[in-house]
Structures are given as structure tokens and as C-alpha cells.
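Both counts, for ligands and for their atoms, begin at 1 and track the order of listing.
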Amino acid sequence: MKLSDQQLAQFDREGLLLLPDLFSLQEIEVMRARLPKLFAEDNPANIREKKSKEVRTAMGLHLRDEVFSKLVRHPRLLEPAMQILDPPLYVQQVKVNVKAAFCGEPWHWHYDFATHRYEDGVPKPLALNLHVFLDEVTEFNGPLYFIPGSHKAKTPSATLDTVSTSYPLWVVRPETVTSLAKNRGIVSATGRAGTGLIFGDVMLHASPSNISPFDRRIFSLIVNPVSNALTRHQRPDHNHHRDLSPITPIDDGCLLN
Ligand code: SIN
Ligand code: MN
């Protein structure tokens, strides 16, 4: 699947791109069916909410499950990434971020490159985050918020927050978020299950808690050019994979075969 020139221009201008109906409901069902078993595993790659102990993030999924092993090579994710970045690309991180109904906690304002730079020694903010909505994402169940065009602003400083949530995060100061949002506004990324979403490494984003009765599960694949690989190995492999083997797209029908 190739992005049009118009989609590429929109991605460059706004820093995010929504792709409605990227995957069919039948394909989404195949992905969803894998989650209960994966979430039930006693595995350090399953990170739980501080209070409720529900899974917040399940990582390393392409090494734990054959459906997700295919999904990281899916042409509907990889071909757009290969248009935007210079291949060869490697799989940096693979996860499902859950916001369980009634108890999914927030992610505070951040951009991913702060973590990739300070924790993993990644040289440049090139990595792309490729999402697939596994549930319908609405204004109610904790959608991602973005400040469009924030990837074009001077990259803000970030500080490590190890207290607010169960997942340490390099966050951006509220004053910086306010001044960027005043000029550019905020959008939420919503859509039906099967929607795709692409955003880059210096895009400012966050997400609120989910007090709705509806789960919000989003698959996320981060890819990075091999030429921009990590230089520090302090985090567990599931946070940033060491295997720099180039990934290439497989058959478009792979999830249903
Ligand atoms: C993230 O920023 O990595 C996660 C945000 C979310 O899933 O809500
Ligand atoms: Mn993030």
C-alpha cells in the first residue's frame, strides 16, 4: 500500500496521518483473539497499571505470537514507512497499549525521541510510530491527543517522570505544552477499529485516562532506519530491540491465510 503525494504532504505538514479502515474487522478479530492469552502471561514485557493491575502495555509481541510476528512485516504498515524513511528499517518496539475500561491511566505530554535519545542513545529523531486501532477509539476512551505541527517547532527539553504512572516517561513541561497548543491547537486521533495512524519521533502527544466503559487497545510498531540504530543498551530488549535485521513486507493477505 502506497501513500499518495497528498497524504505525504499532510504527514509532513501536520506530523500525523490517520488511515481509516487500513485493516478489516476480520483482520482485527484475528489480532484481538491473541490478546487474552498474551495479557495473562507472567512476563516482564507485560507492564501493569499501578492501581488496577490491568495490563497497560504488552511489549515484544512479535517475538511472543505469530500473528504479531506477521503484523510487523505487513505491507500496509511497512510500505508507507518505507516511503517516509530511508530503508533498511529494523523493528525497534512492538506493543499493544491498553486503556482498560474505567481504569486506563494517562500518558502525559511527551515526544518519543526524548526516551529514544536519553535511554537508548538513538542519534536522530527518525523513528516512526505505526498504530492500528484494535477497538473503536472515541473522545471518551482515552484517545491520543496531538499538537499538529509540533514536530516542526524547536524540540523542547524533557524530564524523566517515574512517579505519575506505572511507565517511566520523559515528559515535557506544562508551560511548553501550553505555548505550543495556543498557537497550533490540539487534535485527538479517533476512528473505527482497523484505523491506522502514523506519527514521528518529535511529535508532541499525550492521552487522558479512560473512565468510559469501553476498552481502548492500540497496536504500536516503532520502526527505525538501521543507520540510526540505538547506541546504548541499558533498557530491556522489549523496550528497544537489539536485532537490527532489516524487515521487508510480506503478503498482504498474511493475517487471514
Ligand atoms: C504512547 O505515547 O506511547 C502511548 C500513548 C497511548 O497509547 O495512549
Ligand atoms: Mn509516546
Side-chain angles (χ1 to χ4, degrees), residues 15-18 31 35 39 45-50 52 54-61 91-120 122 125-148 150-151 155-156 158-162 164-172 176-177 180 186-191 193 195-212 214-224 235-236 238-241:
L16 75 152
L17 188 65
L18 269 170
M31 301 174 208
L35 298 180
F39 291 178
N46 283 349
I47 293 138
R48 292 175 185 276
E49 298 283 15
K50 253 185 190 162
S52 69
E54 292 277 353
V55 169
R56 173 181 177 85
T57 305
M59 292 187 164
L61 296 181
V91 172
Q92 176 171 326
Q93 193 186 71
V94 181
K95 60 188 181 286
V96 168
N97 278 343
V98 182
K99 262 180 207 256
F102 296 111
C103 58
E105 291 179 21
W107 264 272
H108 295 296
W109 286 100
H110 69 284
Y111 57 96
D112 296 341
F113 183 59
T115 302
H116 303 159
R117 179 172 50 180
Y118 298 131
E119 304 279 348
D120 306 331
V122 171
L126 301 176
L128 281 182
N129 205 325
L130 312 166
H131 280 192
V132 180
F133 295 0
L134 303 182
D135 294 300
E136 181 173 16
V137 180
T138 70
E139 65 189 288
F140 302 112
N141 62 352
L144 272 91
Y145 291 169
F146 292 94
I147 299 182
S150 56
H151 65 306
T155 307
T159 50
L160 184 60
D161 175 3
T162 54
S164 304
T165 65
S166 49
Y167 190 72
L169 198 60
W170 288 83
V171 297
V172 172
T176 310
V177 178
L180 283 166
I186 296 177
V187 295
S188 60
T190 58
T195 298
L197 167 69
I198 306 177
F199 62 95
D201 226 17
V202 284
M203 186 65 184
L204 204 52
H205 60 284
S207 59
S209 58
N210 181 10
I211 56 165
S212 86
F214 308 114
D215 286 337
R216 189 229 70 174
R217 295 165 296 181
I218 298 178
F219 171 80
S220 153
L221 161 64
I222 300 181
V223 292
N224 190 31
R235 296 204 295 166
H238 59 255
N239 283 110
H240 194 138
H241 294 290

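- For ligand 1, residues of the protein lying within 4.0 angstrom by heavy-atom distance are N97, K99, W107, H110, L144, H205, S207, R216.
- Between the side chains of D112 and N129, at least one donor N or O sits under 3.5 Å from an acceptor N or O.
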Name the atoms and distances for all side-chain donor-acceptor pairs under 3.5 Å in residues 99-109, with sequence neighbours left out.
unit_1	atom_1	unit_2	atom_2	d
K99	NZ	E105	O	2.9
K99	NZ	S207	OG	2.9
K99	NZ	P208	O	2.8

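- Relative ring orientation between H131 and F199 is described as perpendicular, the plane-to-plane angle rising above 60° on a 0-90° scale split at 30° and 60°.
- Under the ring pair (Phe, Tyr, Trp, His ring centres under 6.0 Å) criterion, H116 pairs with no residue at all, not counting sequence neighbours.
- Other residues, nucleotides and ligands place no more than 12 heavy atoms under 6.0 Å from the CZ atom of F214.
- If you count the protein N, O or S atoms nearer to the Mn ion (ligand 2) than 2.8 Å, you get 3.
- The ring of Y111 has its center no closer than 6.0 angstrom to the ring center of H151.
- Among all heavy-atom pairs drawn from T190 and T138, the shortest one is CG2-C, 3.7 Å.
- By the 6.0 Å contact criterion, CD1 on I211 is open, its count of non-hydrogen atoms from other residues, nucleotides or ligands being 12 or less.
- The minimum heavy-atom distance between W170 and A114, with the atom names listed, is CB-CB, 3.6 Å.
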